[in-house]
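Data first, discussion second: the structure below is written as structure tokens.
Computed from a predicted structure; not experimentally measured. Every chain is numbered from 1 and lettered A, B, ... according to where its sequence line falls, protein lines coming before strand lines.
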Number of protein chains: 2
Amino acid sequence: MSKKENILFTALALFASKGYDSTSTRQIAVEASVSEGLIFRHFGSKEGLLNAIIVHGISISQSYIQPILALNNPKEVIKRSIQLPLSVPGEDHEFWKLLYTLKWQRSEYEEGAFDSLRQKLTHAFRSLAYQNPELEAQLIEIYIDGLATEILLRKGDAQELTQLILNKYEL
Amino acid sequence: MSKKENILFTALALFASKGYDSTSTRQIAVEASVSEGLIFRHFGSKEGLLNAIIVHGISISQSYIQPILALNNPKEVIKRSIQLPLSVPGEDHEFWKLLYTLKWQRSEYEEGAFDSLRQKLTHAFRSLAYQNPELEAQLIEIYIDGLATEILLRKGDAQELTQLILNKYEL
DNA sequence: GTCTATACCAGGATAGAC
DNA sequence: GTCTATCCTGGTATAGAC
């Protein structure tokens, strides 16, 4: 791993656990075993470092949204969407925790990452003749957020909860 | 309004909009038109100020949870719980936004405010003979969080979404 | 690409007068 | 209770050498 990557992943871990503002570049440098100056050489500013993390994370997250977008069976789309939080690998949890934190802290980061998924869900509900496909899709997003909160914040096992929700849709 | 209260409400507004860490005591002092020293006289530290805000807010929030705890009809308990986010008066929105932000930022603040409500909901579902009352109660909490997010963060009108959820329980 | 040294500012907090 | 003035630390960021 290059020092640049090293800085990026160290910063991600610290931002996720203590928050962006209360993590100092000093600390990132120490934990990553690099000089503080190097952070600024590579990323320009602390904010630049944060952006690099987001960009990297978004591209990773596409990798588990893409497969759902490719599905044809509407029931399968709904099912896989609900299972999404459970299917995110542990190594990506830090990134998602950071993103959820930022969402509340700095509205700029309210994520468009899920826009395409919402559209897909809307279509799925429409083809299943639900009365209000848009709202139903929004509700699935609420489930995703809720399950993510359970997993990321309370470190709970969301398996049962996921199953309960799937049952409600007879999936 | 005393200067002390003035500091408290000004800080609440700033913390809610920009986050705790990136709001300086300097700024609070300016916006509240008091000297910076006064903040520390009254609250000891910036952290102390935050605590005062939380304590004040928690006591307010009891005022809309209490009425639900007093209900006897289980269906009514569920209904009113789901309507909770919609029923929170606009003037309390800032406080809730702050609390949701802190929840992700500093786990200490993961709120026990709703513990009693969760118990009440569990009983309600049990008396309605639901298979898994605990999980069902947890799901209602997810609805509450989701609706709160819609209202507080996206400033959306959660009326339709609330109705959709109520329909699912035939309420 | 990387480190060392350092500038410079803003943060929280305190002292002392009124 | 309140203000003014001030301290000190630690934050981000830059310069210059290797």
Side-chain angles (χ1 to χ4, degrees), chain A residues 1-57 94-95 97-99 101-102 104-109, chain B residues 1-57 94-95 97-99 101-102 104-109:
Chain A
M1 186 155 59
S2 71
K3 293 218 168 189
K4 186 172 176 180
E5 287 173 304
N6 193 230
I7 292 168
L8 198 133
F9 291 120
T10 304
L12 166 57
L14 288 170
F15 288 167
S17 75
K18 322 186 352 170
Y20 173 76
D21 288 300
S22 40
T23 301
S24 69
T25 51
R26 211 97 91 192
Q27 193 181 359
I28 296 167
V30 172
E31 300 249 332
S33 308
V34 296
S35 69
E36 212 179 336
L38 195 59
I39 295 173
F40 294 92
R41 280 270 173 225
H42 280 310
F43 301 99
S45 66
K46 191 186 173 185
E47 189 85 25
L49 173 54
L50 178 61
N51 280 328
I53 291 172
I54 305 287
V55 167
H56 175 260
E94 279 180 342
F95 170 70
K97 184 153 181 257
L98 174 59
L99 218 62
T101 307
L102 287 173
W104 282 99
Q105 215 168 325
R106 343 184 106 207
S107 36
E108 316 96 83
Y109 290 109
Chain B
M1 186 155 60
S2 72
K3 294 217 166 186
K4 186 171 177 180
E5 286 173 305
N6 192 230
I7 292 169
L8 199 134
F9 291 120
T10 305
L12 166 56
L14 288 170
F15 288 167
S17 74
K18 323 188 347 168
Y20 173 76
D21 288 301
S22 41
T23 300
S24 69
T25 52
R26 213 93 93 191
Q27 193 181 359
I28 297 167
V30 171
E31 299 250 333
S33 309
V34 297
S35 68
E36 209 179 339
L38 194 59
I39 295 173
F40 294 91
R41 282 270 171 225
H42 279 309
F43 301 99
S45 66
K46 191 186 173 185
E47 189 85 25
L49 172 55
L50 179 61
N51 279 328
I53 291 171
I54 305 288
V55 167
H56 176 260
E94 279 180 342
F95 170 71
K97 184 152 181 255
L98 175 58
L99 219 62
T101 307
L102 287 173
W104 282 98
Q105 216 168 325
R106 341 184 107 204
S107 37
E108 317 95 84
Y109 289 109

Next item on the list: Identify the two heavy atoms, one from A:K97 and one from A:A16, that lie closest to each other, and give their separation to 0.1 Å.
Entry: NZ-O, 3.3 Å

Item checked: Length of the line joining B:F15:CZ and C:dG12:P, which is rounded to integer Å -> 8 Å

Next item on the list: Using atom CD1 of B:I39 as one end and atom P of D:dC3 as the other, report the distance to the nearest whole Å.
Entry: 10 Å

Next item on the list: Quick one: label A:S2 by what it contacts on the DNA or RNA (base, sugar-phosphate, nothing), any heavy atom closer than 4.0 Å.
Entry: nothing

Notebook entry, point to check: Which heavy-atom pair separates A:I39 from A:T25 by the least distance, and what is that distance?
Noted result: CD1-O, 3.5 Å

Next item on the list: In whole angstrom, give the distance that lies between atom CZ of A:F43 and atom P of C:dG1.
Entry: 11 Å

Next item on the list: Take the protein atom CG of B:N6 and the nucleotide atom P of D:dT2, then report the distance between them rounded to whole Å.
Entry: 10 Å

Notebook entry, point to check: Can you tell me how far P of C:dT2 sits from CD of A:E5, to the nearest Å?
Noted result: 11 Å

Next item on the list: Find the distance A:F40:CZ to D:dG11:P and express it as a whole number of Å.
Entry: 11 Å

Margin query: Please classify the nucleic acid contact of B:K4 as base, sugar-phosphate, or nothing, using heavy-atom distances under 4.0 Å.
Written below: nothing

Next item on the list: Rounded to the nearest angstrom, tell me the gap between atom NE2 in B:H42 and atom C1' in C:dG12.
Entry: 17 Å

Note to self: From the set C:dC3, D:dA13, C:dA13, return the single nucleotide nearest to any side-chain atom of A:E36.
What the structure shows: D:dA13

Notebook entry, point to check: Separation of B:L38 atom CG from D:dT2 atom P, in whole Å?
Noted result: 5 Å

Notebook entry, point to check: Do side-chain atoms of A:K18 reach the backbone of A:T23 as a donor and acceptor pair under 3.5 angstrom?
Noted result: no

Next item on the list: Could you tell me which non-hydrogen atom of B:F15 sits nearest to which non-hydrogen atom of B:L50, and how far apart they are?
Entry: CD1-CD1, 4.0 Å

Next item on the list: Would you check, one step at a time, whether the test side chain to side chain contact (heavy atoms under 4.5 Å, CB included) holds for B:Y20 with B:K46?
Entry: CA-CA 9 Å; B:Y20 173 76; B:K46 191 186 173 185; 3.5 Å; yes

Next item on the list: Check each of A:I7, A:N6, A:L12 against A:T10 using the side-chain contact (heavy atoms from CB on, under 4.5 Å) test, and report the only one that passes.
Entry: A:N6

Note to self: Quiz question: going by heavy-atom distance under 3.5 Å, is there a donor-acceptor pair between the base of C:dG12 and the side chain of B:R41?
What the structure shows: no

Next item on the list: Enumerate the residues from residues 23-35 of chain B whose closest heavy atom to DNA chain D is under 4.0 Å, giving them by residue number; use none for an empty result.
Entry: B:V34, B:S35

Note to self: Do A:I28 and A:V34 have side chains that approach each other closer than 4.5 Å (heavy atoms only, starting at C-beta)?
What the structure shows: no

